[in-house]
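All remarks here apply to the structure that follows.
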Amino acid sequence: MRVLLQASGAASLLALVPPALSFRLPSASPRPSPRVPLFMVATSPTSSLTTADPATGASNVLADAFGALNESDQYDAVLTGLCAKILDGPGPADAEVLAGPLQLLEEMNGRGVAVSARSLGALVDTAAKSQSPRVVGRALRSLRQNRRPAPVEEKKPARGFFGAAAPAAAPPTKSALDLYGALQAQYLPPLPSRPNARAEALAAAPPLPRDVRDEDVVAATSVGALVAACLFLDATDGLLFHTELWQPDLALAALAVVAVLDSGYGYLRAASKFVKEVPDLPASEIFGTGELTGGVVRGAERLLKTDTERECGCEAAGFFAAYVLGLPCFAFRPNALEAAVLVYETHAEGTPEGLLTRPGLLKVLTWLLAPVAYEQYKHPAADGGPGPLLSSDPREATGLLRRLAERAADMGAAQDWAELGMEDEQEAEEVLRWAMACADRLVRENAKEIEGLAQGLAGGASTVGDLVATVEGW
């Protein structure tokens, strides 16, 4: 069937539709209105308006199917198709390639056409493919301007002055990306400037974790190599040296004694009090702490064990923090290099959303530390204290400050960086602790939402668009 379009804003849509659809656009007025609705007149397939192939006389099924869609479905089909074509193409999608989908989205915003979950996910995935914060930010800002129906609670109909039913109110709407950047004010309070208030705030903040993964890996590698060498010599000493060596057995016995004293000295000391023949063992600051064996065990876990659930939880925490804090970056593993690029790109644009400020720096640091806070929250130590960090890295936050300081002069931001006062080690340490406190509160109060994202990541089928739809409750 042939569809007749009468709208001033339809020209851009027609340019995106295949010519086989044979749209007819009447002449428009000299001063068209962008809010003129899109009228569709559908006739029966047997009427003279049905499109047909001039050669065979057969009806055009594609045109008939497209004409049967309403305005919202037509926009949705075209937007999803354009994004799918870009996603299937080679290489990253730059701003020029994304111009078509973004222009179509802006037209939908002007006409009041809501995006669907499918087209929203496709556009977010397409923007994420660009790997450019500028392109991602533009796409998210355009999606925030799009309106979708909001859930409505059922209420009794209101009555007018004489008992007549009151006029129905317009259905409520909300942004397509209602939560993007919506939690900044709630979870990013500024660090107090007054000394007493600052000291009180920092006293309640959790300490910045110390990362010892290098020491753990070295300890595990050294002990593993020593054990392997002893076992090899035990098995081959007769063949290689024509005698039985006692040194490997002594080394293995020494390792076993150290392990027992390091992890079980407290139990031995408690047991000595009940055995009269054994003198009471003295207290020790070296043995019984579990530091030596703990480092070896943690290092072995880092080298040999892969905890998919733990890693997905940390990735979900980083994604959630970036999204609700309004960062146009979808890195599942936030790192100092990408964060520094994001800060200086927004600074070069000169927009109010620039991140080379105290609030902007706190936002980026909170994003970097969100996986650390979530891993400590979900995987505490046996005594209830902070557990070891196996999937997240607190050094990324300090690495960001170092990279920003090193590149400030090259990026033309030396004065702006100096005004932040991060060259003072004490000031930088306090800012890092405050960012850790913000990240800890963010992940604790939104743990349920982060767990939902982690389940989607663990399944292996979730894209960036799927995760955005999950956060937004689509």
Side-chain angles (χ1 to χ4, degrees), residues 86 91-103 105-106 123-145 177 180-185 188 190-191 318-319 321-370 395-424 427-428 431-432 434-435 438 464 468:
I86 297 174
D94 55 16
E96 183 177 356
V97 174
L98 281 169
L102 292 178
Q103 289 176 1
L105 176 61
E106 292 172 0
L123 183 57
V124 171
D125 287 336
T126 306
K129 185 182 179 182
S130 68
Q131 302 178 2
S132 168
R134 184 182 296 105
V135 175
V136 173
R138 181 187 172 189
L140 296 180
R141 286 191 296 269
S142 297
L143 283 170
R144 285 203 67 182
Q145 297 174 6
L177 299 184
Y180 176 66
L183 303 185
Q184 301 180 56
L188 296 178
L191 180 62
F319 180 90
Y323 186 80
V324 299
L325 297 180
L327 292 174
C329 183
F330 293 136
F332 296 111
R333 290 294 184 93
N335 58 78
L337 176 59
E338 186 166 3
V341 172
L342 178 63
V343 170
Y344 279 131
E345 279 196 8
T346 58
H347 177 265
E349 294 175 1
T351 60
E353 294 81 12
L355 298 174
L356 196 59
T357 60
R358 274 297 184 110
L361 191 60
L362 178 62
K363 184 189 304 185
V364 178
L365 289 173
T366 302
W367 167 50
L368 291 174
L369 291 171
R395 297 174 299 179
E396 297 294 345
T398 55
L400 170 64
L401 299 182
R402 185 179 66 255
R403 288 180 181 274
L404 292 178
E406 292 173 352
R407 299 291 296 172
D410 296 337
M411 302 302 295
Q415 181 177 355
D416 295 326
W417 171 251
E419 292 175 356
L420 295 179
M422 293 296 105
E423 297 294 342
D424 185 354
E427 181 70 14
V431 170
L432 288 171
W434 188 244
C438 295
V464 174
V468 170

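Keep in mind that what you see is a predicted model, and the values were worked out from it rather than measured.
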Under 3.5 Å, is there a donor-acceptor pair between the side chain of E338 and the main chain of N335? no

How many angstroms lie between atom CG of D125 and atom CG of L123, to the nearest 0.5 angstrom? 9.0 Å

What pairs with R141 under salt bridge (Lys or Arg N to Asp or Glu O under 4.0 Å), at least two apart in sequence or on another chain? none

Restricting to non-hydrogen atoms, name the atom on R144 and the atom on L177 that form the minimum distance, rounded to 0.1 Å. NE-O, 3.7 Å

Could you tell me if the side chain of P328 sits less than 4.5 Å from the side chain of V135, heavy atoms only? no

Start with the C-alpha distance between R333 and E396, add both sets of side-chain angles, then the distance that settles salt bridge (charged side-chain N to carboxylate O under 4.0 Å, His left out), and finish with yes or no. CA-CA 10 Å; R333 290 294 184 93; E396 297 294 345; over 6 Å; no

Would you please classify the geometry between the Y344 ring and the H347 ring as parallel, tilted or perpendicular, with 30° and 60° separating the classes? perpendicular

Beyond-backbone contact of L355 with L327, side-chain heavy atoms, under 4.5 angstrom: yes

Residue pairs meeting salt bridge (Lys or Arg N to Asp or Glu O under 4.0 Å), one or both in residues 402-414, sequence neighbours left out, come to R407-D410

Check each of L361, L420, V431 against L401 using the side-chain contact (heavy atoms from CB on, under 4.5 Å) test, and report the only one that passes. L361

Identify the heavy atoms of W367 and A339 that sit nearest to each other, and give their distance. CZ3-CB, 3.9 Å

Taking atom CG of L105 and atom CG of L98, what is their separation to the nearest 0.5 Å? 11.0 Å

Check whether any side-chain heavy atom of V124 lies under 4.5 Å from a side-chain heavy atom of L143, and answer yes or no. yes

Separation between CG of L432 and OG1 of T366, rounded to the nearest 0.5 Å: 10.0 Å

Look up atom SG in C438 and atom CG in L362, then write down how far apart they are to the nearest 0.5 Å. 4.5 Å

Within the structure provided, determine whether L183 and Y323 are in side-chain contact (heavy-atom separation under 4.5 Å). no

To the nearest 0.5 Å, what is the distance between CG on L325 and OH on Y180? 10.0 Å

Report the distance from atom CG of L400 to atom CG of L368, rounding to the nearest 0.5 Å. 5.5 Å

Which heavy atom in Q184 sits nearest to a heavy atom in G326, and how many Å separate them? NE2-CA, 4.4 Å

Of all heavy-atom pairs between T357 and G354, which one has the smallest distance, and what is that distance? OG1-O, 3.8 Å

In terms of heavy-atom contacts, E345 and R134 come closest through OE1-N, 4.4 Å

Working note: V136 + C329, criterion side-chain contact (heavy atoms from CB on, under 4.5 Å); need CA distance, chi angles, decisive distance, verdict. CA-CA 7 Å; V136 173; C329 183; over 6 Å; no

